[in-house]
Amino acid sequence: MTAKGIHIERLSKRYGEGDTAVLALKNVNMTVAPGEVVGLIGPSGSGKSTLLKCLGAVIDPTAGRMMLGDEVIYDDGWKVRDLRALRRDKIGFVFQAPYLIPFLDVTDNVALLPMLAGVPNERARARALELLTALDVQHRANAMPSQLSGGEQQRVAIARGLVNRPPVILADEPTAPLDSQRALAVIRILNDMARRYQTAIIVVTHDEKIIPTFKRIYHIRDGVTHEEVGEGRGSD
Amino acid sequence: MISLAGRDILHSWGKFVFTGIGLGLLIGVTLTMAGVYRGMVADGKALLDNSGADLWVVQRETLGPYAESSSIYDDLWRGIRAMPGVAAAANVTYLTMQVRHGQRDVRAMVVGIMAGNPGDPGWPPYLVAGRQITRGHYEAVADIASGFQLGDELKIRRNHYRVVGLTRRMVSSNGDPMVFIPLKDAQEAQFLKDNDAIWMQRRRTAANPAFNRPTVPGLLEAVLASQTVNNHVNAILVRLAPGYTPEEVAAPIRRWKRLTVYDRSQMEEILIGKLIATAAKQIGMFLVILAVVSAAIVAFIIYTLTMDKIREIAVLKLIGTRNRTIAKMIMQQALALGSIGFVVGKIAATFAAPHFPKYVLLMPEDSIAGFFAVMLICVLASLVAIRLALKVDPAEAIGG
């Protein structure tokens with residue numbers, strides 16, 4: 001078990017009751033260390049999204065235990081009162097589509113999260129610009145999302161996921177809309193950011209071209225995870 | 001914290017501005033309708049103010065002379081003038097009719113006033129051009145809203161009148177401009193019949209054995225003469241002497257002259273509470289309908305704008321935005337839309353008001369009340385969209 005990153009034990013999620021109950025997650029165990037990027041793959045309906053929603057504190061697991069860093073956030077019940085603040089401060093999200101706020105420019109899209117947490121606007125923008133520079137999109141800082149290419153939008157979305165320095169980032173098919181070159185570039189960026197900010201990143205994907213880049217992969221099928229670690233896996 | 005509503009409005013300003021203009025025209029119509037009502041009340045009050053009277057003496061048990069017809073003898077004013085507390089008393093007639101001027105008709109209230117006594121009740125209190133009526137016949141003073149000029153020749157019934165003076169804000173409760181003519185002419189105009197009717201009346205009277213008695217010479221001529229003279233007026237306007245209350249003077253007139261007397265407050269109640277009450281209700285109904293339509297438009301637009309942002313709202317909720325921040329954003333947009341609409345509406349109403357045929361009085365307090373009503377409507381209209389936004393599940397931002 002790691003002291004940082006994310007660690008989950010025997011996590012279960014059941015939908016419905018009685019005869020109609022469906023066990024979407026069955027005693028899932030997973031550990032992602034700080035600075036590590038792991039893949040979570042599986043066919044449709046295998047429980048990937050359910051696991052991601054449980055990790056993201058969007059839905060309630062039925063049982064199990066989750067830790068973010070040293071903090072137990074779930075132990076057969078939420079241990080955190082304000083799940084919204086938990087999502088805002090401790091968990092970063094990167095989606096299949098960038099889902100940038102169309103009426104905010106690039107800087108404010110990234111700076112919005114720290115602003116919501118009460119950080120003064122100028123400091124939040126400075127923090128956003130630092131990340132945009134790290135992701136090499138600082139030259140589009142004042143552009144509107146509609147003026148960006150797909151790859152640029154996804155980099156801005158990654159910057160938004162990282163801006164509050166969360167211990168964990170959940171990336172839901174972040175390369176799906178991108179071509180091979182851009183998809184690999186995004187994975188490279190996620191690896192760089194994970195190392196630089198010591199963030200644990202879980203990437204849910206179907207994308208065959210990026211699967212070989214993960215050093216560790218969790219396969220999920222019928223709500224059960226299997227870990228795969230391979231020599232020669234991984235790409236920087 | 002940045003203003004999400006402000007940024008969204010700036011981003012899609014065209015949608016907001018054009019919707020605001022549409023809403024603004026609706027609000028402009030609403031403000032104008034309120035102005036029409038205020039104008040009717042102001043016209044009614046101007047009618048009473050400009051008459052210069054403290055008491056209106058009318059036919060018994062009528063609401064005359066403005067709300068109902070009233071007919072009293074034209075010699076009663078002398079007795080009333082001699083009563084204690086009466087500073088001035090004057091006969092007056094009112095007749096709303098089409099006044100012919102060249103090739104056009106002007107709807108006007110023809111007021112008959114006793115010639116030669118400027119300053120008496122019923123007379124125009126001031127002129128903007130020309131002079132008061134000095135002759136007993138065929139002179140007129142007209143309100144400038146009638147469009148008449150000094151020297152114009154008017155035709156009332158069969159007689160022609162020359163405009164010798166122009167006055168301002170002398171209108172009926174309906175907003176029709178007044179035309180003042182000498183009392184005798186006005187009395188004649190009220191009951192003037194055409195030649196055929198007069199001839200027919202004479203024949204019928206002559207055929208009546210009660211009036212045409214060979215043994216009473218001169219009877220038929222006397223009866224015929226009485227039929228061609230109108231010795232009635234609509235009201236006597238009374239101005240009080242200093243130190244007398246209206247009731248002190250009205251009570252003896254009611255008792256000894258057997259007439260109905262109204263003071264200023266009673267006459268205002270008749271004009272505003274009875275004469276224009278139906279029109280006021282009509283306008284009130286329009287205002288309610290316009291308010292409902294405005295609310296529906298704001299609700300629809302805000303709902304549509306929110307529907308367009310469902311995915312962004314899910315993302316905002318997922319990344320930790322509070323419900324109240326999202327609700328505030330939607331409500332601020334609704335209020336911004338209402339503000340744009342109100343400004344456009346106020347400007348539209350201000351510029352359109354002078355072009356209305358009736359007097360439109362835009363009161364600042366109506367505008368303030370209208371602004372708050374628009375804001376309230378916007379808040380209520382945004383509740384549907386806020387409910388929709390708060391029901392958005394943040395999980396919608398995550399696929400699967």
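Residue numbers start from 1 in every chain, and the chains themselves are labelled A, B, ... in the order their sequence lines are given, proteins ahead of strands. Any value given below was found using the heavy atoms of this structure, including those in side chains, with hydrogens, waters and symmetry copies removed.
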Q. Taking NZ, NE, NH1 and NH2 as the nitrogens, is one of them in Asp82(A) or Arg84(A) under 4.0 Å from a carboxylate oxygen of the other?
A. no

Distance col, row Leu104(A):CG vs Arg7(B):CZ, nearest 0.5 angstrom, shows 6.0 Å

Bottom line for Leu316(B): the part with an atom under 4.5 Å from chain A's heavy atoms is side chain

Under 4.5 Å to a heavy atom of chain B? For Leu100(A) that would be backbone

Is the closest basic N to carboxylate O distance between Asp143(B) and Arg168(B) below 4.0 Å? no

Q.
More than 12 heavy atoms of other residues, nucleotides or ligands under 6.0 Å from CZ of Phe16(B): yes or no?
A. yes

Assert top hit (heavy-atom pairs under 4.5 Å, partner chain A, pool Leu318(B), Val315(B), Ile2(B)) equals Leu318(B)

inquiry  = Once you measure the plane-to-plane angle for Phe95(A) and Tyr99(A), does it fall in the parallel (<30°), tilted (30-60°) or perpendicular (>60°) bin?
reply    = tilted

Most heavy-atom pairs under 4.5 Å with chain B, out of Arg160(A), Lys48(A), Glu173(A), Arg88(A), belong to Arg88(A)

Within 45° of the ring axis of Phe18(B) and under 6.0 Å from its six-membered ring centre, is that where the NZ or CZ of Lys15(B) lies? no

One thing to verify: whether Glu71(A) and Lys90(A) come together as a salt bridge, which I'm taking to mean a side-chain N less than 4.0 angstrom from a carboxylate O. yes

By residue number, those in residues 109-133 of chain A with heavy atoms under 4.5 Å from heavy atoms of chain B are Leu112(A), Leu113(A), Met115(A), Leu116(A), Asn121(A), Arg125(A)

So does Lys309(B) pair up with Asp8(B), basic N to acidic O under 4.0 Å?
yes

Cut-off 4.5 Å, heavy atoms of chain A, and the answer for Asp308(B) is neither

